[in-house]
2 protein chains.
Amino acid sequence: MSANPQPLQVGTVLFDGFELLDAFGPLEMLGMLKPAPVLSMLAEHPGSIRSNQGPCCVAEAPLAGETPLDILLVPGGMGTRRELGNPAFLDALRRRSETAKIVASVCTGSALLAKAGVLEGRRATTNKRAFRFVASLGANVTWVPEARWVEDGKYFTSSGVSAGMDMALGLIHHLFGPEACAEAASRAEYEWHSDKGWDPFAKQNGLS
Amino acid sequence: MSANPQPLQVGTVLFDGFELLDAFGPLEMLGMLKPAPVLSMLAEHPGSIRSNQGPCCVAEAPLAGETPLDILLVPGGMGTRRELGNPAFLDALRRRSETAKIVASVCTGSALLAKAGVLEGRRATTNKRAFRFVASLGANVTWVPEARWVEDGKYFTSSGVSAGMDMALGLIHHLFGPEACAEAASRAEYEWHSDKGWDPFAKQNGLS
């Protein structure tokens with residue numbers, strides 16, 4: 001895919017205690033595309049959703065909706081601990097993942113995908129401080145300790161927080177090529193870590 | 001200031017068309033502090049505020065309020081063009097800036113501060129693609145074309161979008177020292193550009 005005639009439909013999953021940059025870092029990068037993507041915010045119960053840091057964002061559509069998505073973005077954050085025990089949330093996440101063309105997670109968002117059974121048979125990564133906890137979830141997931149992000153088929157999973165921006169640019173590169181990626185990074189004045197294997201935080205946290 | 005006994009009071013100015021990462025990048029970094037800062041979202045008219053990218057965030061307090069702030073954070077975005085012609089907004093911004101201990105802007109947020117008269121006699125920077133436009137505002141501001149961010153007294157102004165994260169870590173370094181800064185960057189899995197003068201985007205845009 002090198003042309004981009006139709007705006008991407010991007011759905012971001014919000015839940016109380018989501019991490020701000022996990023959601024808005026990738027959305028900033030994807031938002032640089034031309035034409036601008038349609039960014040919908042999804043939640044089990046639409047309305048005002050409080051982030052882990054306090055500010056509230058508005059989810060206007062149900063996670064359990066049927067609208068097909070080009071990209072389903074799943075942030076992490078402390079709120080993932082609660083949603084890991086919420087079967088209705090996990091079921092809606094699994095169904096929405098099945099119909100999305102691409103599923104992308106940031107930080108402990110991959111814990112939710114693993115628990116929902118979405119990552120079975122896949123390679124994935126997650127936040128490096130939460131790595132051992134997340135790697136205990138998902139019976140048949142190959143967790144990669146040292147990676148900025150991991151691509152496996154339609155699944156893109158990134159390391160903690162800031163890594164989501166690098167993954168999002170990787171996703172733009174994958175979908176639309178190097179020029180679109182460079183343009184998005186330049187407009188965001190962002191220095192892209194283009195190497196998926198770049199991960200000093202694995203070593204910092206005793207994982208490599 | 002090396003101890004951090006009280007949570008910082010951080011107020012972020014929202015307006016329709018604010019840029020997502022300008023606001024939430026710095027808030028992610030500041031949110032890593034212990035104890036966690038109190039992050040209040042301010043607007044001329046509190047309520048749901050639509051970002052430049054589409055997602056809405058909730059401003060729960062008026063910009064014109066009297067609560068003293070440790071940090072006033074001013075994002076940029078396409079919505080700044082409208083607010084530059086809004087005297088009530090600019091007056092509230094000026095008053096809130098006067099009482100804040102630190103005023104920090106990202107991207108074209110410095111255009112709002114300049115137009116409000118807050119940066120008179122100061123050095124400042126802004127988004128590199130909007131530099132010439134922003135530099136036409138503010139009669140007595142020394143605009144620095146090549147800088148990741150500029151510190152002048154209580155005023156911290158950053159370049160475009162992603163630069164706000166580097167500035168925020170610089171602010172943490174300034175307030176609480178290198179260990180607090182390194183800890184925040186590590187928890188966010190973020191590679192800090194610690195050099196205020198690092199700015200490849202100035203050259204990309206013909207400014208150096």
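All values reported here derive from a predicted model rather than from experimental measurement.
Residues from residues 200-208 of chain B that place a non-hydrogen atom less than 4.5 Å from a non-hydrogen atom of chain A comprise Phe201(B), Gln204(B), given in numerical order. The contact list for residues 19-30 of chain B toward chain A, using heavy atoms and a distance under 4.5 Å, reads Glu19(B), Leu20(B), Leu21(B), Phe24(B), Gly25(B), Leu27(B), Glu28(B), Met29(B) by residue number. Within residues 126-135 of chain B, the residues approaching chain A closer than 4.5 Å by heavy atoms are, in numerical order, Asn127(B), Lys128(B), Arg129(B). Using non-hydrogen atoms only and a strict 4.5 Å limit, no part of residues 59-80 of chain B faces chain A.
Nearest heavy atom pair, residue Ser162(B) against residue Ala188(A), reads OG-O, 2.6 Å. Nearest heavy-atom pair across Glu189(A) and Gly160(B) is OE1-N, 2.9 Å.
In this structure, Lys154(A) places its NZ atom where more than 12 heavy-atom neighbours from other residues, nucleotides or ligands lie under 6.0 Å away. Atom CZ of Arg94(B) is surrounded by more than 12 heavy atoms from other residues, nucleotides or ligands within 6.0 Å.
Comparing Met41(B), Met32(B), Arg187(B) by heavy-atom pairs within less than 4.5 Å of chain A, the highest count is held by Arg187(B). Contact tally against chain A (heavy-atom pairs below 4.5 Å) for Pro37(B), Cys56(B), Gly54(B): the top residue is Cys56(B). The candidate with the highest count of non-hydrogen atom pairs below 4.5 Å against chain A, out of Ser51(B), Pro55(B), Gly31(B), is Pro55(B).
Contacts of Arg148(A) with chain B are made by side-chain atoms alone, with heavy-atom separations under 4.5 Å and no backbone atom involved. Using a 4.5 Å cut-off between heavy atoms, Ser48(A) contacts chain B through its side chain alone, with no backbone atom that close. Looking at Ala36(B), there are no atoms closer than 4.5 Å to chain A (heavy atoms on both sides), in backbone or side chain.
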